[in-house]
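Inspection log for the structure reproduced underneath, given as structure tokens.
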Amino acid sequence: MKAVQLLRSSRRPGVLVTVMSVRGHAPREAGAKMVVAADNVWSTVGGGNMEALAVERSREMIADGATTPEVLTAALSDKATYQHGVQCCGGEVKLLLEPLPVVPSVAIFGVGHVGLELARVLARHDLELHLIDSRADQLTTDRLAVLDDAIANVHVHNVPVLPELVVSELPPGTHVLIMTHDHAEDAALCDAAIRNAELATIGLIGSSAKWTRFQRKLAEDGNSAEAIARITTPIGLSDLPGKEPAMIAVSVAAWLLQQFTAEQSARAQTAERHPVSAQSAEGRPASAQREAKA
């Protein structure tokens with residue numbers, strides 16, 4: 001569904017509305033779908049009071065940060081209670097409203113031993129997973145076959161030259177993990193990452209000696225102490241020691257999951273402080289309501 005993909009790629013929440021069942025006469029048949037965002041509607045489930053109620057409730061769910069699906073029943077009768085105009089087809093429609101939350105986005109720069117193990121763990125979660133490496137042999141189909149059954153939406157970036165350019169192409173709110181084979185490449189990526197204000201977190205793998213050198217270099221390149229402090233190193237859980245790739249990957253993945261939880265809590269609190277006003281579909285032009293097929 002193009003609308004769902006659009007919302008996911010732009011990291012905006014929405015609600016998928018589906019006609020579950022129809023009793024009697026109704027404008028659309030069971031299975032008809034509509035996608036609702038805070039500022040747009042794609043396709044239609046029948047228009048009129050029923051659709052307006054669905055849009056209104058969907059936007060309330062978006063504002064509340066809802067994650068649980070709901071069922072909305074609409075009676076299409078001139079005797080039924082209505083808020084947005086009479087709709088007297090004579091039937092009854094049940095609509096399923098499924099939240100489309102913003103999923104986390106993670107970019108792993110360096111898909112070596114640790115990077116691949118980390119990708120395997122993260123791929124089991126519903127998120128956008130970007131894998132970037134300047135070495136083509138690390139991103140072959142055979143090597144990444146372990147991700148074939150991934151739940152995550154995996155994006156592979158084979159960038160032989162200047163992988164730091166990918167930083168500016170990442171979705172807003174992406175969590176960046178820097179763990180390449182080359183310290184010079186790591187340094188360039190750190191510099192690019194802290195200049196991108198839209199990233200959620202920036203994690204760097206390495207020793208304290210490496211970080212000391214990086215801090216000095218980043219400062220010499222004109223980065224402020226505040227900007228440099230955006231980088232977290234070491235990454236992972238401090239109470240989960242071990243240098244094996246799988247152990248490091250589990251530790252970093254657990255740390256990331258903590259970041260995701262904090263991110264969701266912050267979004268929920270923001271929604272409570274700044275609720276989005278539900279906007280009726282009745283006042284919207286038909287072209288806006290049906291901008292694209294769901």
Side-chain angles (χ1 to χ4, degrees), residues 104-125 127-135 138-139 146-147 152 154 157 159 163-164 166-167 170-266:
S105 176
V106 179
I108 301 176
F109 285 87
V111 194
H113 299 302
V114 175
L116 184 59
E117 289 290 347
L118 179 57
R120 292 177 66 180
V121 177
L122 293 177
R124 309 312 306 162
H125 299 269
L127 50 80
E128 298 289 328
L129 181 58
H130 297 264
L131 304 179
I132 308 99
D133 206 298
S134 58
R135 301 163 296 172
Q138 300 300 296
L139 299 175
V146 293
L147 306 178
V154 180
H157 305 257
V159 191
E164 59 269 24
V166 177
V167 172
L170 296 172
T174 296
H175 297 264
V176 167
L177 299 168
I178 300 171
M179 48 181 67
T180 80
H181 66 295
D182 185 348
H183 284 197
E185 196 169 296
D186 282 355
L189 287 166
C190 284
D191 184 76
I194 61 179
R195 295 177 188 273
N196 184 339
E198 295 188 333
L199 298 179
T201 61
I202 306 166
L204 171 68
I205 198 170
S207 65
S208 58
K210 173 183 175 181
W211 179 230
T212 298
R213 291 194 300 273
F214 275 29
Q215 285 177 294
R216 183 169 58 250
K217 179 66 167 60
L218 291 168
E220 290 172 353
D221 289 342
N223 294 291
S224 67
E226 182 181 10
I228 296 172
R230 291 180 60 202
I231 299 174
T232 298
T233 186
I235 47 178
L237 302 182
S238 58
D239 57 351
L240 190 60
K243 294 186 177 181
E244 299 84 358
M247 178 70 80
I248 297 173
V250 168
S251 177
V252 174
W255 174 78
L256 266 179
L257 291 174
Q258 289 180 338
Q259 307 307 309
F260 298 163
T261 301
E263 196 174 66
Q264 291 171 354
S265 297

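Values reported hereafter were calculated over all heavy atoms of this structure, with side chains retained and with hydrogens, waters and symmetry mates removed. Numbers for residues simply follow the sequence, beginning at 1.
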Practice problem: Take Leu240 and Trp255 through the side-chain contact (heavy atoms from CB on, under 4.5 Å) test and state the conclusion after the steps. | Solution: CA-CA 10 Å; Leu240 190 60; Trp255 174 78; over 6 Å; no
Please determine whether the number of non-hydrogen atoms from other residues, nucleotides or ligands lying under 6.0 Å from atom [atom1] of [X] exceeds 12.
| X | atom1 | result |
| --- | --- | --- |
| Glu220 | CD | yes |
| His157 | NE2 | yes |
| Arg230 | CZ | yes |

[X] side-chain N/O to [Y] backbone N/O, donor-acceptor pair under 3.5 Å:
| X | Y | answer |
| --- | --- | --- |
| Thr174 | Leu170 | no |
| Thr233 | Ile205 | no |
| Thr232 | Ile235 | no |
| Asp133 | Gln138 | no |

Specify the closest pair of heavy atoms between [X] and [Y], including all atoms of both residues, with the distance to one decimal.
| X | Y | answer |
| --- | --- | --- |
| Ile228 | Gln215 | CD1-O, 3.9 Å |
| Val167 | Ala193 | CG1-CA, 3.9 Å |
| Pro245 | Val114 | CA-CG2, 3.9 Å |
| Asp221 | Arg195 | O-NH2, 3.1 Å |
| Leu218 | Asn223 | O-ND2, 3.0 Å |
| His181 | Ser134 | CE1-OG, 3.5 Å |

Distance check, rounded to the nearest 0.5 Å: [X] atom [atom1] versus [Y] atom [atom2]?
| X | Y | atom1 | atom2 | value |
| --- | --- | --- | --- | --- |
| Arg120 | Leu147 | CZ | CG | 8.0 Å |
| Leu189 | Leu204 | CG | CG | 9.5 Å |
| Arg213 | His183 | CZ | NE2 | 7.0 Å |

Would you say [X] and [Y] make side-chain contact, with heavy atoms under 4.5 Å?
| X | Y | answer |
| --- | --- | --- |
| Ile194 | Leu199 | no |
| Val250 | Glu117 | no |
| Leu118 | Met179 | yes |
| His130 | Ser105 | yes |
| Ile178 | Ile202 | yes |
| Pro104 | Glu128 | no |

Practice problem: Report the C-alpha distance between Cys190 and Glu164 in whole Å, list the side-chain angles of each, state the deciding distance to 0.1 Å, and finish with yes or no for side-chain contact (heavy atoms from CB on, under 4.5 Å). | Solution: CA-CA 8 Å; Cys190 284; Glu164 59 269 24; over 6 Å; no
Practice problem: Begin with the C-alpha distance, continue with both residues' side-chain angles, and end with the deciding distance and a verdict on side-chain contact (heavy atoms from CB on, under 4.5 Å) for Leu131 and Phe109. | Solution: CA-CA 6 Å; Leu131 304 179; Phe109 285 87; over 6 Å; no
Quiz item: Salt-bridged, Asp191 to Lys217, with N to O below 4.0 Å?
Solution: no
Practice problem: Report the C-alpha separation of Phe260 and His125 in whole Å, then their side-chain angles, then the decisive distance to 0.1 Å, and conclude whether the side-chain contact (heavy atoms from CB on, under 4.5 Å) test is met. | Solution: CA-CA 11 Å; Phe260 298 163; His125 299 269; 5.9 Å; no
Quiz prompt | Single hit among Leu129, Val252, Thr180 for side-chain contact (heavy atoms from CB on, under 4.5 Å) with Ile108 | solution = Leu129
